[in-house]
Amino acid sequence: MSVELHRWLRRFNLDEEIHAHVAAVFARLPASVRDDLVGDPAFLLADYDPTRASSIPVASPGRGLPSRSVVLKRTLLFRSAAFARYIIAHELAHAHLRNRGRTDQEDPELAADSLAADWGFPRPARIL
Ligand SMILES: [Zn+2]
């Protein structure tokens with residue numbers, strides 16, 4: 001992964017382990033998807049500990065378009081790397097697709113799973 005991308009990810013101040021998972025996922029995104037997210041000044045990535053946080057981080061309002069944000073629970077750290085990266089890829093896919101399907105008819109959840117799988121992060125066979 002490029003130095004610029006690492007620097008860009010640093011701005012979100014993620015937990016170190018979450019940062020490593022996010023970096024691993026970003027490294028496998030197609031350039032067009034990566035550029036879409038990195039180039040959006042309103043894009044927000046955040047993590048929080050649901051057992052301690054008093055409030056969930058939210059994106060600041062952008063200009064016109066609703067801003068895109070991916071908020072990850074630190075409880076991901078108790079899951080396998082494959083599961084954590086699948087969740088991150090799935091959420092980045094939602095952000096890229098602006099919570100829509102790739103067509104008007106497509107279910108946004110199926111679209112996010114399909115893109116995540118295309119990027120090398122398929123939904124684990126068993127989600128406990
Ligand atoms: Zn989803």
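Counting convention: from 1, in listed order, for ligands and their atoms alike.
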Quiz item: Does a side-chain heavy-atom distance below 4.5 Å link Pro108 with Leu97?
Solution: no

Quiz item: Hey, which N, O or S atom on His90 ends up closest to the Zn ion (ligand 1)?
Solution: NE2

Quiz item: Of all N, O or S atoms in His94, which has the smallest distance to the Zn ion (ligand 1)?
Solution: NE2

Quiz prompt | All pairs passing salt bridge (charged side-chain N to carboxylate O under 4.0 Å, His left out) where residues 105-118 contributes a residue, at least two apart | solution = Arg102-Glu106, Asp113-Arg123

Self-check item: Heteroatom N/O/S of Glu91 within less than 2.8 Å of the Zn ion (ligand 1)
Solution: no

Quiz item: Taking only residues two or more places apart in sequence or in another chain, which ones pass salt bridge (Lys or Arg N to Asp or Glu O under 4.0 Å) with Arg10?
Solution: Glu16

Self-check item: Minimum-distance N/O/S atom that Glu109 presents toward the Zn ion (ligand 1)
Solution: OE1

Self-check item: Distance (rounded to the nearest 0.5 Å) between Arg79 CZ and Ile87 CD1
Solution: 7.5 Å

